[in-house]
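Along the sequence shown, the residues carry numbers beginning at 1.
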Amino acid sequence: MVLPRDSGPRHLVQHPDGHVFVVTEYSIEVAVAGLSPDSGDFRLVFVGPATAGGAQRDDSAAEIALAADGRYAYVGVRGSNRICVLEVEAGGAALRPVADVPSGGNWPRHHLIRDGLLHVAHERSGDVVTFRLDAASGLPGVPADRLQVASPTALVPARPRLVPRGEEPVPG
């Protein structure tokens, strides 16, 4: 599969239905790839804007993540410092921008969705800002928490500590 020249594919996520969403850093779009049942290859089925309000000068897209139920995708845009909310349509074959929300800091480099929360790592303001996601609309609310961290560039979900059977958990 070939994406448009100078689009700058950056990150991807796979929708539960099998489509793959690719955010493009330079053109600030989302491309959707679908698996061809005949060849087994991915083919480009959709390209559309990643923002509801359009790209601004000096913007670049950084990350794409999906809501747990797969109904919404979230794209971080550096420069204008936005999280763009897109509704998944056509069984995962298309995305429609619905809102652009301030990311709560400077240079949203990465974000993670977990347990109904959107966590946004801001590389230049040195913080991780957490938003509650509205279950019905998919939209982030006002910032619920802020953690100062030196230049965060990636967020990784923590796993609970595993304890072998028959052993007691070690505090800490």
Side-chain angles (χ1 to χ4, degrees), residues 1-15 19-33 44 46-88 92 94-135 137-159:
M1 182 184 87
V2 177
L3 292 176
R5 183 177 178 85
D6 297 327
S7 62
R10 180 161 174 88
H11 284 270
L12 59 86
V13 65
Q14 189 165 20
H15 190 266
H19 286 91
V20 174
F21 304 155
V22 181
V23 66
T24 60
E25 184 172 10
Y26 305 136
S27 63
I28 309 165
E29 296 173 309
V30 178
V32 178
L44 189 62
F46 174 85
V47 177
T51 69
Q56 297 177 17
R57 182 179 166 88
D58 298 326
D59 272 353
S60 62
E63 178 62 87
I64 186 166
L66 278 175
D69 63 8
R71 294 186 310 141
Y72 295 97
Y74 300 84
V75 171
V77 178
R78 300 170 293 193
S80 59
N81 300 324
R82 297 178 281 171
I83 296 295
C84 304
V85 182
L86 298 96
E87 187 171 11
V88 177
L95 295 162
R96 180 179 58 85
V98 294
D100 300 336
V101 179
S103 68
N106 187 6
W107 213 252
R109 177 73 180 256
H110 190 254
H111 56 272
L112 173 74
I113 298 169
R114 186 152 185 184
D115 300 328
L117 300 172
L118 169 65
H119 307 280
V120 183
H122 297 100
E123 182 178 5
R124 293 185 179 169
S125 57
D127 55 21
V128 177
V129 177
T130 298
F131 300 86
R132 292 194 189 289
L133 294 174
D134 182 272
S137 70
L139 297 176
V142 298
D145 199 9
R146 177 181 310 272
L147 175 67
Q148 292 301 131
V149 184
S151 193
T153 58
L155 300 172
V156 179
R159 292 187 331 188

Between Ile28 and Ala61, the two heavy atoms sitting closest are CG1-N, 4.0 Å
Which residue pairs satisfy the side-chain hydrogen bond (donor to acceptor under 3.5 Å, both in side chains) criterion with at least one member in residues 141-157, sequence neighbours excluded? Asp127-Arg146
Check whether any side-chain heavy atom of Val30 lies under 4.5 Å from a side-chain heavy atom of Phe21, and answer yes or no. yes
Please find the pair of heavy atoms, one from Phe131 and one from Pro143, that lie closest to each other, and give the distance. CE2-CG, 3.6 Å
Which salt bridge (Lys or Arg N to Asp or Glu O under 4.0 Å) pairs, counting each pair once, include a residue from residues 72-81, with sequence neighbours left out? Glu25-Arg78
To the nearest 0.5 Å, what is the distance between OG1 on Thr51 and CD1 on Ile83? 12.5 Å
If I take atom NE2 from residue His122 and atom OG from residue Ser103, how far apart are they, to the nearest 0.5 angstrom? 3.0 Å
Using 0.5 Å steps for rounding, measure from the CG atom of Asn106 to the CG atom of Asn81. 4.5 Å
Minimum side-chain heavy-atom gap Tyr72-Leu66 below 4.5 Å: no
Donor-acceptor contact present, side-chain His119 to main-chain Leu155, <3.5 Å: no
Residues Cys84 and Ala50: closest non-hydrogen pair is CB-O, 3.0 Å
Using side-chain heavy atoms (C-beta onward) and a distance below 4.5 Å, is Leu3 in contact with Leu44? yes
Is it the case that the side chain of Arg10 and the backbone of Ala62 share a donor-acceptor pair, with hydrogens and angles ignored and the cut-off at 3.5 Å? yes
Side chain to side chain donor-acceptor pair (under 3.5 Å) with His11: which residues, sequence neighbours excluded? none
By the salt bridge (Lys or Arg N to Asp or Glu O under 4.0 Å) test, which pairs, at least two apart or in different chains, include something from residues 55-64? Asp59-Arg82
Nearest heavy-atom neighbours spanning Ala65 and Ile113: CB-CD1, 4.1 Å
Are the side chains of Pro108 and Val77 in contact, using a 4.5 Å heavy-atom criterion? no
With a 6.0 Å cut-off (strictly less than), is the heavy-atom count around CZ of Phe46, excluding the residue itself, greater than 12? yes
Interatomic distance, CZ@Arg5 vs OG@Ser27, rounded to 0.5 Å, equals 13.5 Å
Inter-residue atom distance Tyr26.OH - Ser60.OG, 0.5 Å rounding: 8.5 Å
Of all heavy-atom pairs between Ala121 and Pro152, which one has the smallest distance, and what is that distance? CB-CB, 3.8 Å
What distance do Ile64 atom CD1 and Thr24 atom OG1 have between them, rounded to the nearest 0.5 Å? 9.5 Å
Any side-chain heavy atom of Arg132 within less than 4.5 Å of one from Leu117? yes
With sequence neighbours left out, write down each residue that passes side chain to side chain donor-acceptor pair (under 3.5 Å) with Asp69, or none if nothing qualifies. Arg71
Please give me the minimum heavy-atom distance between Asp100 and Gly53, naming the atom from each residue. OD2-N, 2.7 Å
Leu12: side-chain contact (heavy atoms from CB on, under 4.5 Å) partners, not counting sequence neighbours: Val20, Val22
